[in-house]
S.K.: 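Got a structure for you, written out below as structure tokens; questions coming shortly.
For the single chain, residues carry numbers from 1 onward in sequence order.
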Amino acid sequence: NLLIEMSQNDILAASQHQNVYKPSSTSLLTTTGNPIMSNIPAELYYTESHEWLADNADGTVTVGITHHAQELLGDVVFIEAADLGRQLDAGEEYTVIESVKAASDSYAPVAGEIIAFNEALEDAPETVNEDPYVEGWVMKLKLAQNADLSGLLDAQAYSDLVASED
């Protein structure tokens, strides 16, 4: 087994790294007559608990909540900072997102180590409402060796899930 250790300086450097998913203007799925699909970027992975994941192709992923999730929550007023260096299992709660309607746990889509938290959300949590897929990302994970993206939903499967909830 390969053991990778990160010092506090490595974690700090990673948290300041801005290699964050940026969707292209043509990346959103478009289906005539289906407004749900217009808010679901095609290149992302999704969970049934409404998190999205972008594979950064460098052993890290960027994670946030979906457009649908932020609509359900309403105006986001607080996001608890994720603990840098914390090891997460897939499905493990990593933060709490509070809105004017409710407080909701957010879950890690895959196993990994938290290497960055979007500190801009501490001062402007509403960014998750305004731009959930770009500026409103929540954390970055360094994938665990056993991390498996195959159990996540693609954009079409996620769109079907959202449609079934309405």
Side-chain angles (χ1 to χ4, degrees), residues 17-76 79-80 82 87-118 120-121 124-166:
H17 184 63
Q18 295 300 312
N19 181 21
V20 174
Y21 161 75
K22 302 279 187 195
S24 66
S25 60
T26 60
S27 70
L28 297 177
L29 285 180
T30 54
T31 302
T32 306
N34 187 349
I36 293 170
M37 292 294 285
S38 66
N39 294 317
I40 301 174
E43 67 276 11
L44 299 179
Y45 296 94
Y46 300 89
T47 68
E48 291 182 5
S49 56
H50 305 291
E51 288 83 23
W52 60 263
L53 177 147
D55 185 349
N56 297 323
D58 63 358
T60 68
V61 293
T62 303
V63 178
I65 66 167
T66 65
H67 177 79
H68 181 69
Q70 67 81 25
E71 281 186 329
L72 292 173
L73 283 168
D75 295 336
V76 174
I79 299 178
E80 181 181 59
Q87 298 289 331
L88 297 172
D89 292 325
E92 184 176 348
E93 177 270 323
Y94 72 91
T95 192
V96 175
I97 299 175
E98 295 181 14
S99 72
V100 294
K101 292 182 182 178
S104 178
D105 292 336
S106 200
Y107 303 94
V110 294
E113 177 185 1
I114 300 173
I115 59 169
F117 171 74
N118 187 351
L121 299 179
E126 68 276 4
T127 305
V128 168
N129 296 111
E130 297 162 359
D131 194 3
Y133 297 115
V134 181
E135 299 299 323
W137 64 275
V138 178
M139 72 165 173
K140 283 185 71 173
L141 288 175
K142 177 175 177 35
L143 292 171
Q145 263 188 331
N146 64 345
D148 183 15
L149 304 183
S150 68
L152 300 173
L153 304 173
D154 65 12
Q156 183 62 57
Y158 182 69
S159 176
D160 292 345
L161 171 74
V162 170
S164 75
E165 291 180 352
D166 289 339

S.K.: Ignoring hydrogens and geometry beyond distance, is a side-chain donor-acceptor pair present between Thr66 and Tyr46 at under 3.5 Å?
M.R.: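 Checked: Thr66/Tyr46 side chains show no N/O donor-acceptor pair below 3.5 Å.
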
S.K.: Using side-chain contact (heavy atoms from CB on, under 4.5 Å), reason through Val138 and Ser106 one step at a time and then give a plain yes or no.
M.R.: CA-CA 10 Å; Val138 178; Ser106 200; 6.0 Å; no

S.K.: If you look at every heavy atom in Ile40 and Ala155, which pair is closest and at what distance?
M.R.: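 For Ile40 versus Ala155, the nearest heavy atoms are CG2-CB, 3.7 Å.
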
S.K.: Could you tell me which non-hydrogen atom of Tyr107 sits nearest to which non-hydrogen atom of Gly91, and how far apart they are?
M.R.: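 For Tyr107 versus Gly91, the nearest heavy atoms are CD2-O, 3.2 Å.
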
S.K.: If only atom types and distance count, is the side chain of Asp148 paired as donor or acceptor with the main-chain N or O of Ser150 below 3.5 Å?
M.R.: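 Checking the backbone N and O of Ser150 against the side chain of Asp148, a donor-acceptor pair under 3.5 Å is found.
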
S.K.: On a heavy-atom basis, which atom in Ala54 and which in Leu44 lie closest, and how many Å separate them?
M.R.: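 Closest approach of Ala54 to Leu44: CB-CD2, 3.5 Å.
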
S.K.: Rounded to the nearest 0.5 Å, what separation is found between the OG1 atom of Thr60 and the CE atom of Met139?
M.R.: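 These two atoms lie 11.5 Å from each other.
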
S.K.: Going by heavy atoms in the side chains, are Thr62 and Leu53 under 4.5 Å from each other?
M.R.: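 Not in contact.
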
S.K.: Quick one: CD on Glu126 to CG on Asp131, what's the gap to the nearest 0.5 Å?
M.R.: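 So the gap between those two atoms works out to 12.0 Å.
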
S.K.: For Asn129 and Gly74, which heavy atoms make the closest approach, and how far apart are they?
M.R.: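 Looking at all heavy atoms of both residues, the closest pair is ND2-O, 2.8 Å.
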
S.K.: Tell me the closest heavy-atom pair linking Pro109 and Ala90, and the distance in Å.
M.R.: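 Closest pair (atom of Pro109, atom of Ala90, distance): O-CB, 3.9 Å.
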
S.K.: So, for Ala82 and Ile114, which heavy atoms are closest and what is the spacing to 0.1 Å?
M.R.: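 Looking at all heavy atoms of both residues, the shortest contact is CB-CD1, 3.8 Å.
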
S.K.: Keeping Trp52 on the side-chain end and Tyr45 on the backbone end, is there a donor-acceptor pair under 3.5 Å?
M.R.: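 Not a single qualifying donor-acceptor pair exists.
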
S.K.: Taking side-chain contact (heavy atoms from CB on, under 4.5 Å) as the criterion, tell me which of Leu153, Leu152, Val110 meets it with Thr47.
M.R.: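 Passing option: Leu152.
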
S.K.: Side chain of Thr95, backbone of Glu80: donor and acceptor closer than 3.5 Å?
M.R.: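 Yes, the answer is positive, given that a donor and an acceptor are paired below the 3.5 Å cut-off.
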
S.K.: If you round to the nearest 0.5 Å, how far is CD of Gln70 from OH of Tyr133?
M.R.: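 Taking OH in Tyr133 and CD in Gln70, the distance rounds to 8.5 Å.
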
S.K.: Exactly one of Asn118, Asp75, Ile79, Leu73 should register a side-chain contact (heavy atoms from CB on, under 4.5 Å) with Val128. Which one does?
M.R.: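 One option only clears the test, and that one is Ile79.
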
S.K.: If you count heavy atoms of other groups shown closer than 6.0 angstrom to CD of Glu93, is the number above 12?
M.R.: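 Result for CD/Glu93: enclosed.
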
S.K.: Rounded to the nearest 0.5 Å, what separation is found between the CG atom of Leu161 and the NE2 atom of His50?
M.R.: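 Separation between the atoms: 5.5 Å.
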
S.K.: How far does CD of Gln87 sit from CG of Leu141, to the nearest 0.5 angstrom?
M.R.: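 The CD atom of Gln87 sits 9.5 Å away from the CG atom of Leu141.
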
S.K.: Going from OG on Ser99 to CD on Glu71, what distance comes out if it is rounded to the nearest 0.5 angstrom?
M.R.: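 Going from the OG atom of Ser99 to the CD atom of Glu71 covers 13.0 Å.
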
